[in-house]
Undergrad: 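Let me begin by handing over the structure; questions about it come next.
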Amino acid sequence: MLAHNYRLSELFEGMKWHQLVELILAAGVMVAIPISYHITIWLFYVLMGYGIIRHIVMLRRESSGKSVIEGPAIWKQFDFWGKLALGLTAGFWGLYVLSMIWSENISEGTQRIIVMLPLLLGSVYIATAGSRFLTTKRIRALGNIFICAIVVLFAVKLCIALEKLIFEGCELKDVWSTRFHKQPYTYMSMYLAAGLCYVFMEWLKGGYAQRRWWMIVAMVVMWMWTIIANSRAGMLTMYVLTLAMGVVLGLETSRATTALKGWMKGIVFVSVVWGASLGINASLPDNLQRLTNTIENEVKIANEKKSVTEEKDTTEKPKEDARKSLFKCGWAVVQRGPWYGYGVGDAENALVVEFEDYGYTSGVKERQNAHDQYMDALLTGGWFYLIVLVLIMGMVAITCMKNGVTAGWLYMGVMALNLCFESMLYREVGMIPFMVFTGGLLVLCRRDMKEPEIPFSGLTAVEEKSIGIGS
């Protein structure tokens, strides 16, 4: 799937001005994702509007024989699983529209449907793009732009932190508080995890063999930022993702060398990353406490799942029990509700009423959602909606596995875990990056990919060069 390197000029070979405009808009979205979700939203909708209209016009010209610069629609190049993933994603938005039938709060439902529109637009955009326009090299270039934006942004924030530490006497925990993160830190952790998956795939498949120092710097930055962001879901995800990366690294290296060397490399990789992460967390007491609270609360949730209908406590829950309160209220509403859910317009109101009865005043004041995408699907459309959500991620993971796109199934695993802690498809700040990353991964799984996959050699860049690999 990946070539070692490509020249910048190759990205623009044969491009027309209208294609260049679309590529620039896409690059703008990738830069904006880690910086500002307001800018991301605007750029995304401009890209979707311009891109879909342009794709349809060019495909009509292609079918009439007037143009061959776009190529056939990408939809035709997907395998069965890829087509099913795109269809289910667009259909998931349609199911939310359908749930308006049994919703009483039409205005709330309409607002939610508009917020979820990126699911439909992103699917249509990918399905209608021409295969000669949206190439592997351009997708990889967009991925690298995203990684560069993260690294540069981290460097800027590091300078701000040092300035406040040196000249203002702030404590480290105050310097890296959430006010220095323009993005909500849970969502930022998800972006960082997506970036880690992509860089790891480039490393594993031999991409940029002569620039491994850059990939190491990028991975270190993203791991450090995940820890500093102090997102409990982000930290847990990072540890699980590192373990998965270690297993993949061990398996791939074993195929190229020996089992002993492969698994030793995987074990060393996991040990170094986990050891460094735990060391940094130990120096930041607030981080370690948040992680401990999360584990304790998840154990309590599992033990008390069957007792959610018992006598309710009307006192406000302490802050560390917020997740437990959210889960208990959400599950109680699901149990009492109809099998087809409350509908997109009434699900949030039903949850807020339960917050009030339960005594969770923060949830009432802030009108919090379930903070669990699976629970949100249950509240809106029952078990059928939940199954469709799981199938979307499953289909993307399957097609990525079948086509050797390691970042794809790793990212789907990361998303599956993150959705347990946040309703990431409830807001555009989570939904748009999800569609951008998922769409890019699906493009890499097309049947018409001409670039051969480069097997992982398990050797260093110097060793590869000496035997003619990556030269």
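Everything numeric here is computed off the predicted structure, so don't read it as measured data. In this chain, residues are counted from 1 in sequence order.
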Undergrad: For residues Met435 and Tyr125, determine if any side-chain heavy atom of one lies less than 4.5 Å from a side-chain heavy atom of the other.
TA: no
Undergrad: Over 60° means perpendicular and under 30° means parallel, so classify the ring planes of Phe200 and Phe269, tilted if in between.
TA: tilted
Undergrad: Determine, stepwise, if the pair Phe146 / Val436 fulfils side-chain contact (heavy atoms from CB on, under 4.5 Å).
TA: CA-CA 11 Å; Phe146 174 66; Val436 170; over 6 Å; no
Undergrad: Is there side-chain contact between Val29 and Leu25, with heavy atoms separated by less than 4.5 Å?
TA: no
Undergrad: Indicate yes or no for a side-chain donor-acceptor contact from Thr89 to the backbone of Leu119 under 3.5 Å, with no hydrogens or angles considered.
TA: no
Undergrad: Could you give me the CA-CA distance, side-chain angles and deciding distance for Cys400 and Met412, then say whether side-chain contact (heavy atoms from CB on, under 4.5 Å) is met?
TA: CA-CA 10 Å; Cys400 287; Met412 284 299 109; over 6 Å; no
Undergrad: Tell me which pairs pass ring-ring contact (aromatic ring centres under 6.0 Å, His included) where either residue lies in residues 365-395, with sequence neighbours left out.
TA: Tyr96-Tyr385
Undergrad: Kindly check if the number of other-residue, nucleotide or ligand heavy atoms within 6.0 Å of OH (Tyr340) is above 12?
TA: no
Undergrad: Should Leu378 and Trp331 be marked as a side-chain contact (heavy atoms from CB on, under 4.5 Å) after you check the CA-CA gap, both sets of side-chain angles, and the distance that decides it?
TA: CA-CA 9 Å; Leu378 281 171; Trp331 187 247; 4.2 Å; yes
Undergrad: Keeping the roles fixed (side chain from Thr40, backbone from Ala32), state whether a donor-acceptor pair exists under 3.5 Å.
TA: yes
Undergrad: Is it the case that Arg367 places NZ or CZ above or below the six-membered ring of Phe355, under 6.0 angstrom from the centre and within 45 degrees of the axis?
TA: no
Undergrad: To check you understand the geometry: which heavy-atom pair defines the closest contact between Val115 and Tyr45, and what is its length?
TA: O-OH, 4.4 Å
Undergrad: Cationic tip of Arg140 within the cone over Tyr198's six-membered ring, i.e. under 6.0 Å and within 45° of the normal?
TA: no
Undergrad: Quick one: does Asn403's side chain have a donor or acceptor within less than 3.5 Å of a partner on Val405's backbone?
TA: no
Undergrad: So, for Val396 and Ala85, which heavy atoms are closest and what is the spacing to 0.1 Å?
TA: CG2-CB, 3.7 Å
Undergrad: Within this structure, what is the CE-CD1 distance for the pair Met58 and Ile53, rounded to the nearest 0.5 Å?
TA: 14.0 Å
Undergrad: Provide the closest heavy-atom pair for Ala397 versus Trp409 in the form atom of the first, atom of the second, distance.
TA: O-CB, 3.9 Å
Undergrad: Would you call the rings of Phe437 and Tyr411 parallel, tilted or perpendicular, where under 30° means parallel and over 60° means perpendicular?
TA: perpendicular
Undergrad: If you define the side chain from C-beta out and look only at heavy atoms, does anything of Glu428 sit under 4.5 Å from Met116?
TA: no
Undergrad: Taking the side chain as everything from C-beta on, heavy atoms only, tell me whether Tyr50 gets closer than 4.5 Å to His18.
TA: yes
Undergrad: What's the separation between atom OG1 in Thr110 and atom CZ in Arg112, rounded to the nearest 0.5 Å?
TA: 11.5 Å
Undergrad: Would a 4.5 Å heavy-atom cut-off, applied to side chains only, mark Asn349 and Tyr342 as touching?
TA: no
Undergrad: What are the two closest non-hydrogen atoms of Leu351 and Cys329, and how far apart are they?
TA: CD1-C, 4.1 Å
Undergrad: In Å, rounded to the nearest 0.5 Å, how long is the span from CG of Leu389 to CZ of Phe92?
TA: 4.5 Å
Undergrad: So Leu243 and Trp274, do their side chains get closer than 4.5 Å, heavy atoms only?
TA: yes
Undergrad: When you look at NZ of Lys83, are more than 12 heavy atoms from neighbouring residues, nucleotides or ligands closer to it than 6.0 Å?
TA: yes
Undergrad: Give the ring-plane orientation class for Trp225 versus Phe154, where under 30° counts as parallel, over 60° as perpendicular and anything between as tilted.
TA: tilted
Undergrad: Using side-chain heavy atoms (C-beta onward) and a distance below 4.5 Å, is Asp376 in contact with Gln373?
TA: yes
Undergrad: Say whether, by atom type as modelled, one donor and one acceptor occur between the side chain of Gln19 and the main chain of Lys16 under 3.5 angstrom.
TA: yes
Undergrad: Can you give me the closest heavy-atom contact between Ala347 and Thr380, atom names plus distance?
TA: CB-OG1, 4.0 Å
Undergrad: Apply the side-chain contact (heavy atoms from CB on, under 4.5 Å) test between Ser123 and each candidate in Thr128, Leu88, Leu86; give the one that qualifies.
TA: Leu86
Undergrad: Do you know the tightest heavy-atom contact between Ala26 and Leu47?
TA: CA-CD2, 3.9 Å
Undergrad: Compare all side-chain heavy atoms of Met222 with those of Ile147 and state whether any distance is below 4.5 angstrom.
TA: yes
Undergrad: Got a second to check how far Leu241's CG is from Leu236's CG, nearest 0.5 Å?
TA: 12.5 Å
Undergrad: Take Asp346 and Ser103 through the test side-chain hydrogen bond (donor to acceptor under 3.5 Å, both in side chains) and record every step on the way to the result.
TA: CA-CA 6 Å; Asp346 299 337; Ser103 296; 4.6 Å; no
Undergrad: Atom CG in Leu98, atom CD1 in Ile113: separation rounded to 0.5 Å?
TA: 9.5 Å
Undergrad: Would you compute the distance between atom CE of Met415 and atom CD of Glu422 and round it to the nearest 0.5 angstrom?
TA: 10.5 Å
Undergrad: Using the side-chain contact (heavy atoms from CB on, under 4.5 Å) rule, take Phe133 and Arg54 through it: C-alpha gap first, then chi angles, then the decisive distance, then the call.
TA: CA-CA 12 Å; Phe133 164 66; Arg54 195 188 71 78; 3.5 Å; yes
